[in-house]
Amino acid sequence: KAQYLHQAALEDNKFDVVRRFNVMVENHYRTEHEVKFYASKLNKAPKTLSNYFALYGHKSPLRIIQERIALEAKRLFYYTDKTSKEIAYDLGFDDAAHFSRFFKNQTRQSPSEFKKSIKD
């Protein structure tokens, strides 16, 4: 019985790490885009973190970070008159071209196409 309790405690700990990661992404996605930042704050290796997410059938940590950034970019395009360059800067991108590539990879639309689609 003690073995099962130990196993349950390990599972709870892993799930707690997943939960804490998600909270941290919410607090830091504007400045921290890499899994290694979050992993180090949680005292885990990036691969260990990925394994925890896989264990629960969740998206990868990198995917979660990227989707959160893309969601915020869409929100900023939708609710503000900021330029793509301003939004890129707000979301921690040093280079507007890098942001444009990122946005297109995430949404299948360039920032200008997305802006046009919400104006129509």
Side-chain angles (χ1 to χ4, degrees):
K1 187 170 184 174
Q3 179 187 357
Y4 292 116
L5 289 175
H6 181 68
Q7 186 67 31
L10 278 177
E11 293 300 314
D12 285 349
N13 182 35
K14 288 176 184 174
F15 193 78
D16 186 56
V17 169
V18 169
R19 186 188 57 72
R20 287 173 37 221
F21 171 85
N22 283 301
V23 170
M24 286 176 63
V25 168
E26 198 53 42
N27 292 327
H28 298 286
Y29 68 89
R30 287 175 181 264
T31 54
E32 300 297 338
H33 300 174
E34 295 187 21
V35 175
K36 69 181 179 185
F37 166 82
Y38 300 97
S40 74
K41 293 283 183 214
L42 294 164
N43 298 315
K44 302 290 178 202
K47 183 67 182 156
T48 303
L49 212 49
S50 292
N51 290 341
Y52 287 6
F53 278 77
L55 180 71
Y56 295 106
H58 292 192
K59 297 171 187 165
S60 75
L62 181 60
R63 188 100 193 105
I64 290 168
I65 296 164
Q66 291 173 336
E67 287 181 359
R68 183 61 186 95
I69 296 166
L71 177 68
E72 187 65 10
K74 287 181 186 177
R75 197 184 70 74
L76 289 168
F77 279 125
Y78 201 82
Y79 292 109
T80 72
D81 290 327
K82 289 184 175 187
T83 65
S84 184
K85 192 172 188 169
E86 290 171 317
I87 290 173
Y89 182 75
D90 282 356
L91 295 176
F93 290 85
D94 295 330
D95 178 24
H98 179 89
F99 169 72
S100 287
R101 279 192 305 279
F102 168 83
F103 191 83
K104 181 142 187 167
N105 280 339
Q106 293 298 309
T107 66
R108 307 286 178 248
Q109 288 181 300
S110 70
S112 56
E113 290 167 340
F114 183 78
K115 280 175 86 163
K116 187 179 179 333
S117 75
I118 59 179
K119 297 281 189 266
D120 295 341

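Hydrogens, waters and symmetry mates are skipped; everything else that's a heavy atom, side chains included, is used.
Under the side chain to side chain donor-acceptor pair (under 3.5 Å) criterion, Ser112 pairs with Ser110, not counting sequence neighbours. In terms of the side chain to side chain donor-acceptor pair (under 3.5 Å) criterion, residue partners of Asp90 (sequence neighbours excluded) are, by chain and number, Lys82. With sequence neighbours excluded, no residue forms a salt bridge (charged side-chain N to carboxylate O under 4.0 Å, His left out) with Glu86. With sequence neighbours excluded, no residue forms a salt bridge (charged side-chain N to carboxylate O under 4.0 Å, His left out) with Arg101. Under the salt bridge (charged side-chain N to carboxylate O under 4.0 Å, His left out) criterion, Lys85 pairs with no residue, sequence neighbours left out. A search for ring pair (Phe, Tyr, Trp, His ring centres under 6.0 Å) contacts involving Phe93 returns His33, His98, Phe99, Phe102, not counting sequence neighbours.
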Atom pairs and distances, side-chain donor-acceptor, residues 44-52, under 3.5 Å, sequence neighbours left out:
residue	atom	partner	partner atom	Å
Ser50	OG	Pro46	O	3.3
Asn51	ND2	Lys47	O	3.4

Would you tabulate the side-chain donor-acceptor contacts of residues 16-24 under 3.5 Å, counting partners in other chains and residues two or more places apart, or write 'none'?
residue	atom	partner	partner atom	Å
Asp16	OD1	Arg19	NE	3.3
Asp16	OD1	Arg19	NH2	2.6
Asn22	ND2	Val18	O	3.0

Which side-chain N or O atoms in residues 35-43 pair as donor and acceptor under 3.5 Å with protein atoms at least two apart or in another chain?
residue	atom	partner	partner atom	Å
Tyr38	OH	Glu32	O	2.8
Ser40	OG	Lys36	O	3.4
Ser40	OG	Phe37	O	2.9

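Nearest heavy-atom pair across Ala96 and Ala88 is CA-CB, 4.2 Å.
Grouping the Ile, Leu, Val, Met, Phe, Trp and Tyr side chains by contacts below 4.5 angstrom, directly or via other members, places Leu62 with Ile64. Grouping the Ile, Leu, Val, Met, Phe, Trp and Tyr side chains by contacts below 4.5 angstrom, directly or via other members, places Ile87 with Ile118.
In this structure, Asp94 places its CG atom where only 12 or fewer heavy-atom neighbours from other residues, nucleotides or ligands lie under 6.0 Å away. Other residues, nucleotides and ligands contribute at most 12 non-hydrogen atoms within 6.0 Å of the CD atom of Glu34. Within 6.0 Å of CG on Asp81 lie no more than 12 heavy atoms contributed by other residues, nucleotides or ligands.
Using a 30° and 60° split on the angle between ring planes, Tyr56 and Phe15 fall in the perpendicular class, above 60°.
From Leu76, atom CG reaches atom OG1 of Thr83 across 11.0 Å, with rounding to the nearest 0.5 Å.
Side-chain contact between Lys104 and Glu113: present, with at least one pair of heavy atoms (C-beta onward) separated by less than 4.5 Å. For the pair Ile69/Phe103, no side-chain contact is recorded, criterion being any heavy-atom separation below 4.5 Å from C-beta on.
A salt bridge (Lys or Arg N to Asp or Glu O under 4.0 Å) check over residues 67-76, counting only residues at least two apart or in different chains, returns the pairs Glu26-Arg68, Arg30-Glu72, Lys59-Glu67, Arg63-Glu67, Arg68-Glu72, Glu72-Arg75.
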